[in-house]
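Protein chains get the first letters and strands the later ones, always in sequence-line order, with residue 1 at the start of each. As the structure is a prediction and not an experimental result, all values here were calculated from the model.
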Number of protein chains: 2
Amino acid sequence: MNATAKSDGTVGKALRMLDLVAEFGRPVRFTDILAMSPHPKATTYRLLQTLTNQHMLEFNEGDGTYALGGRLMRLAHAAWKTASLAPIARPFIEDLAAEVGETVHLAQIDQGQVLFVDKLQATDRFETLAQVGKIAPAYCTGVGKAMLAFLAPKRLQLAMLQQAYFQYTPATITNAAALESELEQIRASGIAYDREEHEEGIISIAAPILSSNGRVIGALSIATATTRHSLEGLDAFRVPLLETAEKIGAEATHWQFPA
Amino acid sequence: MNATAKSDGTVGKALRMLDLVAEFGRPVRFTDILAMSPHPKATTYRLLQTLTNQHMLEFNEGDGTYALGGRLMRLAHAAWKTASLAPIARPFIEDLAAEVGETVHLAQIDQGQVLFVDKLQATDRFETLAQVGKIAPAYCTGVGKAMLAFLAPKRLQLAMLQQAYFQYTPATITNAAALESELEQIRASGIAYDREEHEEGIISIAAPILSSNGRVIGALSIATATTRHSLEGLDAFRVPLLETAEKIGAEATHWQFPA
DNA sequence: GATTTAGTTTCATTATTTGGAACCATAAGT
DNA sequence: ACTTATGGTTCCAAATAATGAAACTAAATC
């Protein structure tokens, strides 16, 4: 009867099953899901059936596995087009990518995490896997820190509180105090760096995107491998990065960032 | 009490609300949704609340609108990575795109429609909007016809039956008989063309991707503008296209295409 | 051929959803 | 200022859908 134990309804249960399947990262058999499911066998079974009927899952007759379904991709495409910064920001990002010749990421904050909504690679290489929908923690990425730094105090507090720090690399910031002081610097300079904090060998320079009312609505980063550029090298992109973030913010003023 | 009128449960109702929001193609107010909703006011309201709590929708306090939420993009990303041909096909598509210097699409069939799961643009241009999750009818696209042609007869029949033909352009095929004979030709040649049938000025050459057991698991196309190439010009890409489709099919043999 | 394992169905019980109606706040009309 | 509309929200008894223990089937393993 308390707040946390309150039932979240049939829809909530069904969606949690989707998360479960997603977490496996591969097609899964009924038993695999059952082992992770908070529900008894019959319930779990029916939940999967429902989801399959609704095309949120697809059941493979061949090997008896469930996988996430096509309806999700359709809906997400619609989400991307109507509810993300990406379509608005696209032309600006293209210019930036062409100018700097490095990978450009566009991210937003979603449920306290970094949600990548676009990725563009200049140059002739293709290494770009479609990154849309990928998530990462905020505290150890350039875009994440850029957004945290400019979050309204109340929201920041909320985000910090529920943060669990995981040491991805030796450089990862793993406590609130260190993060706070880093954010302070970012606030002063308007620029955030990822110094191989999430992935070894990958660094980035990031800037927040602020709407005209001063709220953070996203962040933009230029990422590269340490083999191609040093952190100081990335700094050369500071001006075009900031300018682009500015332009996107101006363009997106009507778009209000959801909680 | 008959098959179609059977209730599809709470989850089904909730998901249909998502479709509704998606159809609008913009953030929508409660009233807009209510007008389209099959449910009375209170029910519609609660459905939206549930979805919002579950982060499938995001409610914008500012202007009181609902939009599709970030959770969808996360899930879709997982779907793309684990349940689509894209990750397997990516390296091959990259080579193809580099070789032909034109846009390459990778598609699958989902619920009788073409579902684009990857898009790659060679050359220096960027015009590629992230196309993942976009859908199109099967009967008027190159990839769609390529897949229809090699569908198992039973499945084809099913797909044809529930097909409604819409005339997108003067060249669109708008009846089953014409489509059948076109499919016959495709079966013979192994190649499908889109002769500006879906969008004026856009043509493509497409090939099915067959798994080793002979089932269609997807299709690959090279698309271009009529201003850049003629249909005959596209034909020059026939060999690399077929080879790439072959390679992907071989690689993806373990991956079985869901209904 | 007996036993385990994985998947599926049944059905009385239980919990959730439903929706008409009442309610509130703000905007518009007189 | 007062009435009427409009858009959104909440209530709660009734209607409906979800639940899960147990029984069952099919296939694999001993």
Under a 3.5 Å distance rule, please check whether [X] uses its side chain to pair with a backbone N or O of [Y] as donor and acceptor.
X         : Y         : answer
Trp80(A)  : Val117(A) : yes
Arg71(A)  : Gln54(A)  : yes
Thr244(A) : Phe92(A)  : no
Arg74(A)  : Leu115(B) : no

Quiz item: How about Gln157(B): does its CD atom have over 12 heavy atoms from other parts shown lying under 6.0 Å from it?
Solution: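 Not buried by this count: 12 neighbours or fewer within 6.0 Å.
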Quiz item: More 5' along DNA chain C: Thr50(B) or Ala42(B), using each one's nearest nucleotide?
Solution: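 On the 5' side of the pair lies Thr50(B).
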Exercise. Find which nucleotide of DNA chain C each of His39(B) and Arg29(A) is nearest to by heavy atoms, and output the residue with the more 5' nucleotide.
Key: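 Per heavy-atom nearest nucleotide, the more 5' residue is Arg29(A).
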Within this structure, what is the [atom1]-to-[atom2] distance between [X] and [N], rounded to whole angstrom?
X        : N       : atom1 : atom2 : value
Asn53(A) : dA18(D) : CG    : P     : 12 Å
Tyr45(A) : dA23(D) : OH    : C1'   : 15 Å
Gln49(A) : dT19(D) : CD    : C1'   : 15 Å
Leu48(A) : dA18(D) : CG    : C1'   : 15 Å
Phe59(B) : dG8(D)  : CZ    : C1'   : 9 Å
Asp8(B)  : dA18(D) : CG    : P     : 9 Å
Leu47(B) : dA17(D) : CG    : P     : 13 Å

Does [X] reach a base, just sugar-phosphate, or nothing at all? Heavy atoms under 4.0 Å.
X        : value
Thr43(B) : base
Lys13(A) : sugar-phosphate
Arg46(B) : base

Practice problem: Please state whether the rings of Tyr168(A) and His198(A) are parallel, tilted or perpendicular, taking 30° and 60° as the class boundaries. | Solution: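 Answer is perpendicular, since the angle exceeds 60°.
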Quiz item: Under 30°, 30 to 60°, or over 60°: which ring-plane class applies to Tyr165(A) and Tyr139(A), parallel, tilted or perpendicular?
Solution: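 Tyr165(A) and Tyr139(A): perpendicular rings.
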Practice problem: Could you tell me from which nucleotide to which nucleotide of DNA chain C, 5' to 3', there is an atom under 4.0 Å from chain A heavy atoms? | Solution: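 Contacts span dA6(C) to dT17(C), reading 5' to 3'.
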Quiz item: Any donor-acceptor pair under 3.5 Å joining the side chain of Lys41(B) to the base of dG8(D)?
Solution: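 Result: at least one qualifying N/O pair found.
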